[in-house]
**Q** 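Here's a structure for you.
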Amino acid sequence: MKILYVIDRIELKYFEFNDLVTNFWLIKSFLERNQEVYITTIDMLKLKSSIAYVSCYQSYIKNEDIFYEKDNPQCYKIEDFQLVMFRPDPPVDLDYISATYIFDFVDRKKTFILNDTTAIRNFNEKMHAVLFNDLMPENIVTSSKSDIISFLNEHEEIILKPLNQCFGSGVMYLKRGDKNTAVIINSMTKNGTQLIMVQRYLKSAVNGDKRVLILGDKILPYSVQKLPSNDDFKFCEHNDSQVVRGVLTAEEIEKYKPVAKKLNALGIYTAGLDVIEGKIIEVNVTSPCYFIREINRNFGVHIENEVSEYILSIAKEKTREPVLSI
């Protein structure tokens, strides 16, 4: 299978040896299965007379690491690929949105896109978590200072999140009575002009949040606990001391299965739920981290192989020509 892998610009710059990154492991697993893998970034996508093209680099394995042919970019129609892995990192800004438009001109019967770019464009990782509101902490989406103050008075401790940032950037904690309340709310909402997500603060956040991994309509039995850094209330540093083995119960797996099925129906087949006290605080769909290195180490598995095998199987299924009965 010929695979196009869309990654982040910074990830391309530091492509080799980056085993903290989910894409490193999946590309390596695809290559080990004798697939052709080409890598690109969103600025290398093109549209010519309604036909989608891409400039890209072929990747290869050497001494157990992966590299790409930096001096030999190649141009293909995107429909020359049977599978596109669309995994640039947020923020979902105008450049990101424009990149998803390119894929509107790609025939999905020829090329399977994971996660579907239209679904990603339509899905805000903070706001659309509310699709599963019964599994979330109490929340509001608003730009109104009075709404937020009322919510704060009701719940005493709250979290305020910008809707289009990532890796915990811009997320604030606020406690009732804080002398900076007005400043924080005005800053977060840009003086009442920008919507934000506000959630009830969960006391167990001091122990971090759990990553629940979705693959197709399954909840994987592996998990990690992402710990807050020493000088922050949230996880914001991806290093060995901040990511430990997580415990996922059978009851939790059953509880989150409807989430997986709903996401699949939208065209989202790989996702990561951030969970505290069994409550979903965010649904990661753009480039969900599977914490492959940490899960392999903690559970004695090779989760990248399970993920890549599933992706190859569904790509073959989705691009297979239908058999016509006579």
Side-chain angles (χ1 to χ4, degrees), residues 20-23 25-26 87 89-90 114-115 119-120 123-137 139 159 161 166-168 171 197 199-228 234-236 238 242-308 310-311 314:
L20 274 179
V21 178
T22 295
N23 293 335
W25 291 94
L26 293 185
R87 287 182 54 90
D89 288 335
L114 190 153
N115 285 318
I120 290 175
F123 193 101
N124 182 280
E125 295 183 323
K126 312 285 195 300
M127 186 183 295
H128 283 95
V130 180
L131 287 171
F132 315 105
N133 196 55
D134 58 324
L135 298 176
M136 287 187 68
N139 62 83
I159 299 295
K161 300 180 178 182
C166 58
F167 306 126
V171 177
M197 164 66 75
Q199 295 176 351
R200 176 175 63 87
Y201 176 72
L202 301 171
K203 301 291 186 183
S204 296
V206 295
N207 301 316
D209 62 273
K210 183 160 54 180
R211 173 56 58 92
V212 177
L213 300 173
I214 289 175
L215 182 62
D217 60 1
K218 289 175 28 179
I219 305 297
L220 296 183
Y222 324 110
S223 181
V224 294
Q225 190 80 10
K226 300 177 291 163
L227 306 179
K234 60 188 179 296
F235 171 80
C236 56
H238 190 168
Q242 306 303 130
V243 182
V244 299
R245 180 178 173 128
V247 177
L248 194 60
T249 66
E251 290 77 15
E252 286 178 307
I253 290 174
E254 287 302 313
K255 179 167 70 172
Y256 300 126
K257 278 183 179 178
V259 178
K261 290 179 180 178
K262 173 69 173 178
L263 293 176
N264 278 208
L266 297 174
I268 296 168
Y269 298 90
T270 60
L273 309 180
D274 290 333
V275 172
I276 301 174
E277 296 178 11
K279 300 286 188 181
I280 298 171
I281 60 170
E282 195 162 317
V283 180
N284 300 274
V285 303
T286 49
S287 56
C289 181
Y290 273 68
F291 293 93
I292 290 175
R293 189 183 71 169
E294 293 84 358
I295 284 177
N296 287 352
R297 183 179 64 226
N298 282 294
F299 290 87
V301 296
H302 291 281
I303 187 179
E304 71 276 15
N305 295 336
E306 183 174 352
V307 176
S308 64
Y310 166 78
I311 291 171
I314 193 172

**Q** Name all residues meeting the salt bridge (Lys or Arg N to Asp or Glu O under 4.0 Å) criterion together with R245; count only those two or more places apart in sequence or in a different chain, and write none if there are none.
**A**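 By the salt bridge (Lys or Arg N to Asp or Glu O under 4.0 Å) rule, R245 matches no residue at all.
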
**Q** So which atom in P288 and which in T22 form the shortest heavy-atom distance, rounded to 0.1 Å?
**A** O-OG1, 4.1 Å

**Q** Give the minimum heavy-atom separation between K279 and P137, together with the two atoms involved.
**A**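 Result for this residue pair: CB-CD, 3.7 Å.
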
**Q** Just how far is it from atom CD1 of I253 to atom CD1 of I219, taken to the nearest 0.5 Å?
**A**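 Atom-to-atom, I253:CD1 and I219:CD1 are 8.0 Å apart.
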
**Q** Go through W25 and H302 one step at a time and tell me if the side-chain contact (heavy atoms from CB on, under 4.5 Å) criterion holds.
**A** CA-CA 10 Å; W25 291 94; H302 291 281; 5.8 Å; no

**Q** Salt bridge or not between K257 and E254? Use side-chain N to carboxylate O under 4.0 Å.
**A**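 A salt bridge is present here (some side-chain N lies under 4.0 Å from a carboxylate O).
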
**Q** I would like to know whether L131 and F123 meet side-chain contact (heavy atoms from CB on, under 4.5 Å); could you show each step before the answer?
**A** CA-CA 10 Å; L131 287 171; F123 193 101; 3.9 Å; yes

**Q** Test of understanding: with salt bridge (Lys or Arg N to Asp or Glu O under 4.0 Å), list the residues that count as partners of E251, not counting sequence neighbours.
**A** none

**Q** How long is the straight-line distance from CZ of F299 back to CD of E294, given to the nearest 0.5 Å?
**A**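 Spacing of CD (E294) from CZ (F299) equals 11.5 Å.
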
**Q** Please name all residues satisfying side chain to side chain contact (heavy atoms under 4.5 Å, CB included) with E277, sequence neighbours left out, ordered by chain then number.
**A** L202, K203, S204

**Q** Can you name the closest pair of heavy atoms from L248 and Y222 and give their distance?
**A**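 Minimum heavy-atom contact is CD2-O, 4.4 Å.
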
**Q** Please check if the side chain of Q199 supplies one atom and the backbone of I281 the other of a donor-acceptor pair under 3.5 Å.
**A** yes

**Q** Rounded to the nearest 0.5 Å, how far does CG of L213 lie from OH of Y290?
**A**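 Rounded to the nearest 0.5 Å, the OH-CG separation comes to 6.0 Å.
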
**Q** Applying side-chain contact (heavy atoms from CB on, under 4.5 Å) to V275 and Y256, what does each step give before you reach the verdict?
**A** CA-CA 11 Å; V275 172; Y256 300 126; 3.2 Å; yes

**Q** Nearest 0.5 Å please: distance from the OH atom of Y310 over to the CG atom of L114.
**A**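 It comes to 7.0 Å.
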
**Q** For a 4.5 angstrom cut-off between non-hydrogen side-chain atoms, does K126 reach E282?
**A**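 Answer yes - side chains close enough.
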
**Q** Without swapping roles, check the side chain of K161 against the backbone of M127 for a donor-acceptor pair under 3.5 Å.
**A**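 Flag not set: sc K161 to bb M127 has no pair under 3.5 Å.
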
**Q** So does R211 pair up with D274, basic N to acidic O under 4.0 Å?
**A**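 Yes, R211 and D274 are salt-bridged.
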
**Q** Strictly distance-based, threshold 3.5 Å: is any side-chain N or O of T270 a donor or acceptor partner for the main-chain N or O of L215?
**A**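 Between the backbone of L215 and the side chain of T270 there is no qualifying donor-acceptor contact (under 3.5 Å).
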
**Q** Return the CZ to NZ distance between F132 and K262, rounded to the nearest 0.5 Å.
**A** 7.0 Å

**Q** Can you tell me how far the CG atom of N284 sits from the CG atom of L273, to the nearest 0.5 Å?
**A** 8.0 Å

**Q** Using only atom types and a distance under 3.5 Å, with no angle test, would you say the side chain of E125 pairs donor to acceptor with the backbone of T286?
**A** yes

**Q** On a heavy-atom basis, which atom in M136 and which in N139 lie closest, and how many Å separate them?
**A** CE-ND2, 3.8 Å

**Q** I'd like to check V243 versus Q225 (side-chain heavy atoms, cut-off strictly below 4.5 Å). Are they in contact?
**A** no

**Q** Which atoms form the tightest heavy-atom contact between M197 and V130, and what is the distance?
**A**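 Between these two residues, the closest heavy atoms are CE-CG2, 3.8 Å.
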
**Q** List for me each residue that meets side chain to side chain contact (heavy atoms under 4.5 Å, CB included) alongside K218, sequence neighbours excluded, and say none if there are none.
**A**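 L220, E306.
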
**Q** Could you go through the side-chain contact (heavy atoms from CB on, under 4.5 Å) check for V224 and V244 one step at a time?
**A** CA-CA 6 Å; V224 294; V244 299; over 6 Å; no

**Q** Looking only at atom types and distance, does a side-chain atom of K210 sit under 3.5 Å from a main-chain N or O of G246, one as donor and one as acceptor?
**A**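 No, K210 side chain to G246 backbone: no donor-acceptor pair under 3.5 Å.
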
**Q** Can you name the closest pair of heavy atoms from A260 and G216 and give their distance?
**A** CB-O, 3.8 Å

**Q** Between D217 and K261 (salt bridge meaning N to carboxylate O under 4.0 Å), is one present in this structure?
**A** no

**Q** In chain order, what residues pass the side chain to side chain contact (heavy atoms under 4.5 Å, CB included) check against A271, with sequence neighbours excluded?
**A** I214, L263, I268, V285

**Q** If we check side chain to side chain donor-acceptor pair (under 3.5 Å) with S287, which of these qualifies: D89, N23, N115?
**A** D89

**Q** Residues two or more places apart in sequence or in another chain: which of them pass side-chain hydrogen bond (donor to acceptor under 3.5 Å, both in side chains) with N296?
**A**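 Listed in chain order: E304.
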
